[in-house]
Protein chains: 2
Amino acid sequence: MTLIQLEYIIAVDTYRSFVAAAKKCFVTQPTLSMQIQKLEESIGARIFDRSKQPVVPTDVGVEIIRQARVALMESRKINEIVQLKKGDLEGELRIGVIPTIAPYLLPRVLSGFMQKFPKLQLQIWEYTTEKIIHELKAGLLDCGILSTPVYDAALAERPMFYEPFVAYVASSSDLFQKREVTSEDILADKLWLLTEGHCMRGQVLNICQRKRSMEPEGTFEYNTGSVETLKRMVDVNSGSTILPELSIADFDEDQLCRIRYFQSPEPVREISMVTTHNYLKKQAIDALEKEIIASVPKKFKSKKKKDVVGFD
Amino acid sequence: MTLIQLEYIIAVDTYRSFVAAAKKCFVTQPTLSMQIQKLEESIGARIFDRSKQPVVPTDVGVEIIRQARVALMESRKINEIVQLKKGDLEGELRIGVIPTIAPYLLPRVLSGFMQKFPKLQLQIWEYTTEKIIHELKAGLLDCGILSTPVYDAALAERPMFYEPFVAYVASSSDLFQKREVTSEDILADKLWLLTEGHCMRGQVLNICQRKRSMEPEGTFEYNTGSVETLKRMVDVNSGSTILPELSIADFDEDQLCRIRYFQSPEPVREISMVTTHNYLKKQAIDALEKEIIASVPKKFKSKKKKDVVGFD
DNA sequence: GTCATGTTATCGATAAAATCGATGTAAAGA
DNA sequence: TCTTTACATCGATTTTATCGATAACATGAC
């Protein structure tokens, strides 16, 4: 058994194809096939059922692959130990961030973080929650920054802060007259929503206590994945929307006028650093986590007197 | 990095010598040296300080080796998964047992256990507690059966039963007249003791509340490592000794006459299955554990109304 | 200091392996 | 049925691991 063979079976499991796996491993398909055959022979068990298309792991193969991931992970930690001692993390850090956090949070932390680890190649991927979870499990991402809980036992989530939602209302709206708003107010108003697939859409609907199934009535049907677009819709048209508080950091005075905070307990979303349980690049990820926690307003850090909103 | 390289550095760490490690790995010393050099080069750190004699790991080397043990362990579990699925454990199981347990416990369980795992090569090593702990940590033993607690964070102990101590008294002794004995009685009598290094010696001294430092007065100085010898000494000469209850199982009537049980709470020793935390051959070891628990008298299984005696 | 001894590093040769490109075979889709 | 896609097989080639011999080095005895 060699570590390379373990990498090969993990690649095949990930891509469900010998050809694709070979490409990702930078070897030819016969090489990969041969090595996997040798591994199967040496342990005395078939790992993949090649009669199915696409290939699937056998029963015992599933467990072997799970254990192979663990073994490979532990072997890679040896390199991390060295880098840690040298004090200079190298390699790449692949971060998945949901689109309703990324543009507002990352600019606050990335420059500082990159200065601390100059040799680290940062890769940011803006994905939906679902996609981030999938890629984390497949080992294609190192960590995810997303709204939790995600209720997945394979993942470890470490809450970093609780970001309040705020209402953004057109001056033509009735809500504009109020100093604070409640979820009932929102319900009555016309509401710009993110398109399906964004966890924040679910959270906003939960705030308004609208069921996902029943299409909210007073909602403009304009499918956008961008919080920025929601804001502009309110600016240019009318109605209201709900924004995460970090997104209003660089609003001008005119725009701030249209912000309405929620009555206590204000609705918030829990933002966590999510990894697999036995994760690599711990040093870098833990540092990023600290950097993020330090970068958000103090009042975000406690969830007391707040209403943590789920998205399911 | 290859698994073989990890094996090599672990061997060098274990034997503190390239030559000895090479021998144990069944390769020549240049081969082992080369591979370790390649590993050091690939991770970019020196693992061993060869200027010292015997060789010692560097600071970072210590951590690398610790992690290498983990990685190798996890990779070996892959083979166990296969064997587990086949339902037939192969390979060898190296068991360390202290001499005051081995001859009385093992005959009760080994034949049954070997029938269940016919392909398993059993290796029994009679060692002192100290030696078993050392070999477990070095990975030279798979599990140990010994008296606990041993207070070693690197090891996991799972108590299996609580074995009472009984007194064995010559008919010429005053104690012979009593139906039950107490630790005070023993203190007054002449006592045959095991030689230094046996944990049971410490336990017996603790029962009598004698300090280790002060050499017990009424003790015959005959250094033996065998419980059987203690018994014979009492048989042939006089005085008394303390035996573990399992050792009296095949006593004849005459010998049973000389047994005196302790007054409640009777002194007992805790006998545990000891492994490292992340141990291999789990399947076999767990089965052995069950076999042992099933083989001892029911009354051994609870520690209620008993006085668990340490040996330090 | 010198010598004997034991330990690790280095070297060239050789055996073992991993990999490649070409090709064969079997299954899935048009 | 034909085409396409995917995995297995084969021989050639490159790469790697290992060996035996030897050099370099450290340690302890004298």
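No hydrogens, no waters, no symmetry mates; every other heavy atom, side chains included, goes into these values.
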(request) Evaluate side chain to side chain donor-acceptor pair (under 3.5 Å) for B/Q35 paired with B/T31, printing each intermediate quantity in order. (result) CA-CA 6 Å; B/Q35 288 305 317; B/T31 297; over 6 Å; no
(request) Describe the nucleic acid contact of B/F48 in one word from base, sugar-phosphate, nothing, applying a heavy-atom distance below 4.0 Å. (result) nothing
(request) With B/E7 as reference, evaluate B/R69, B/K24, B/R76 under the salt bridge (Lys or Arg N to Asp or Glu O under 4.0 Å) test and give the passing residue. (result) B/R76
(message) Any carboxylate oxygen within less than 4.0 angstrom of a Lys/Arg side-chain nitrogen, looking at B/E291 and B/K116?
(response) yes
(message) Would you say A/N79 and A/E90 are linked by a side-chain donor-acceptor pair, where the criterion is simply a distance under 3.5 Å?
(response) no
(request) Count the heavy atoms of every other residue, nucleotide or ligand shown that sit under 6.0 Å from CD of B/Q123, and state whether that count exceeds 12. (result) yes
(message) Please report the distance, rounded to the nearest Å, between CD1 in B/I36 and P in D/dT18.
(response) 12 Å
(request) Taking all non-hydrogen atoms of both residues into account, name the closest pair between B/T275 and B/C143 and its distance. (result) CG2-CB, 3.9 Å
(message) Tell me the interatomic distance from B/M34, atom CE, to D/dG20, atom P, rounded to whole angstroms.
(response) 14 Å
(message) Under a plain distance cut-off of 3.5 Å, with no hydrogens placed, do B/Y8 and B/D13 share a side-chain donor-acceptor pair?
(response) no
(request) Could you tell me, to 10°, how much the axis swings from one end of the helix from C/dG1-D/dC30 to C/dA30-D/dT1 to the other, five pairs per end? (result) 30°
(request) Under 4.0 Å from any atom of DNA chain D, heavy atoms only: list the residues of residues 15-31 of chain A that qualify, in numerical order. (result) A/S17, A/F18, A/V19, A/Q29, A/P30
(message) Could you check whether B/S33 and B/Q37, counting side-chain N and O atoms only, form a donor-acceptor pair closer than 3.5 Å?
(response) no
(message) What is the distance, to the nearest angstrom, from the CG atom on B/D49 to the C1' atom on D/dC25?
(response) 14 Å
(request) Please report the closest heavy-atom contact between B/A45 and A/V82, naming both atoms and the distance. (result) CB-CG1, 3.6 Å
Dump every N/O contact between nucleotides 24-30 of chain C and the protein below 3.5 Å, one line per pair.
none

(request) Check the side chains of B/N278 and B/E74 for a donor-acceptor pair under 3.5 angstrom, ignoring hydrogens and angles. (result) yes
(request) Return the value, rounded to whole Å, for the distance between atom CD of A/Q35 and atom P of D/dC7. (result) 17 Å
(request) Calculate the interatomic distance between B/L32 atom CG and D/dT18 atom C1'; express it in whole Å. (result) 12 Å
(request) Nearest whole angstrom, please: distance from the C1' of C/dT19 to the NZ of A/K38. (result) 11 Å
(message) Testing the basics here: between B/R46 and B/V60, what is the closest heavy-atom pair and its distance to 0.1 Å?
(response) O-CG1, 3.6 Å
(message) Apply side-chain contact (heavy atoms from CB on, under 4.5 Å) to residues A/F18 and A/R50 and explain how you reach the verdict.
(response) CA-CA 10 Å; A/F18 280 55; A/R50 290 121 162 123; 3.7 Å; yes
(message) With a 4.0 Å cutoff (strictly under), does any side-chain N or O of B/R50 reach OP1 or OP2 of C/dA9?
(response) yes
(message) Measuring to OP1 and OP2 of D/dT18, would you say a side-chain N or O of B/Y8 lies under 4.0 angstrom away?
(response) yes
(message) Between A/S33 and D/dC7, is there a contact of a side-chain N or O with OP1 or OP2 at under 4.0 Å?
(response) no
(message) Output the rounded distance in Å from CD1 (B/I4) to P (D/dT15).
(response) 20 Å
(request) Send over the distance from A/L39 CG to D/dA8 P, rounded to a whole Å. (result) 13 Å
